[in-house]
Amino acid sequence: MLTAREREVLTLIARGRSNDEIADDLHLSASTVSTHINRALAKLHLRDRVQAVILGYQYGLVPDADE
């Protein structure tokens, strides 16, 4: 199960934010963001950010472009 912070970071990844942008948004260091990303990807058995974005769209973390 993902932590609340891992879900938050995953949502921002799915919205196209970079690690540095996520760090700024959440007032975290870039290395902390990287740790959250790596843990979330491992827990969800995802290979990379691309799969995270796909998952984000599948689960409604990112609104469709039409919305």
Side-chain angles (χ1 to χ4, degrees):
M1 174 149 326
L2 296 179
T3 66
R5 183 63 89 183
E6 289 165 348
R7 284 191 305 272
E8 190 173 20
V9 169
L10 183 64
T11 298
L12 293 171
I13 289 171
R15 292 180 179 172
R17 307 290 283 170
S18 71
N19 286 16
D20 288 336
E21 291 170 329
I22 294 169
D24 288 343
D25 291 347
L26 301 179
H27 307 287
L28 301 171
S29 71
S31 64
T32 300
V33 170
S34 182
T35 297
H36 287 309
I37 291 169
N38 290 332
R39 288 183 181 164
L41 294 178
K43 287 178 181 180
L44 296 171
H45 306 288
L46 302 174
R47 284 189 309 266
D48 53 32
R49 293 173 79 97
V50 173
Q51 286 188 326
V53 171
I54 292 167
L55 182 130
Y57 274 93
Q58 288 175 336
Y59 287 93
L61 299 175
V62 181
D64 290 332
D66 297 339
E67 295 179 12

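Only a predicted model underlies this, so the values are computations on that prediction, with no experimental measurement involved.
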Practice task
Would you kindly confirm whether Tyr57 and Ile54 end up in one hydrophobic cluster when ILVMFWY residues are joined by side chain heavy atoms under 4.5 Å apart?
Solution key: no
Practice task
Give a yes or no on whether Val53 and Leu2 share a hydrophobic cluster (residues Ile, Leu, Val, Met, Phe, Trp, Tyr; joining criterion: side-chain heavy atoms under 4.5 Å apart).
Solution key: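 Yes, it is one cluster - the side chains of Val53 and Leu2 are joined through contacts under 4.5 Å.
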Interatomic spacing from [atom1] in [X] to [atom2] in [Y] - rounded to 0.5 Å:
{"X": "Asp25", "Y": "Glu8", "atom1": "CG", "atom2": "CD", "result": "9.0 Å"}
{"X": "Leu46", "Y": "Ile37", "atom1": "CG", "atom2": "CD1", "result": "12.0 Å"}
{"X": "Asn19", "Y": "Asp24", "atom1": "CG", "atom2": "CG", "result": "11.0 Å"}
{"X": "Leu10", "Y": "Arg7", "atom1": "CG", "atom2": "CZ", "result": "10.0 Å"}

Exercise for the section: May I ask you to decide whether Arg39 forms a salt bridge with Glu6, counting only side-chain N to carboxylate O separations under 4.0 Å? Expected result: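 Looking at Glu6 together with Arg39, the answer is no, because their closest N to O distance does not fall below 4.0 Å.
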Exercise for the section: May I ask you to test the Ile22-His36 pair for a side-chain heavy-atom distance under 4.5 Å? Expected result: no
Which pair of heavy atoms, one from [X] and one from [Y], lies closest together, and at what distance?
{"X": "Leu41", "Y": "Ala52", "answer": "CD2-CB, 4.0 Å"}
{"X": "Ala14", "Y": "Gly56", "answer": "CB-CA, 3.9 Å"}
{"X": "Asp20", "Y": "Ala30", "answer": "OD1-CB, 3.8 Å"}

Handout entry: Backbone of Arg47 reached by a side-chain donor or acceptor of Gln51 within 3.5 Å
Key = yes
Handout entry: Donor-acceptor under 3.5 Å (Arg49 side chain, Ile13 main chain)
Key = no
Handout entry: side chain to side chain contact (heavy atoms under 4.5 Å, CB included) between Val9 and Leu26, worked out
Key = CA-CA 9 Å; Val9 169; Leu26 301 179; 3.8 Å; yes
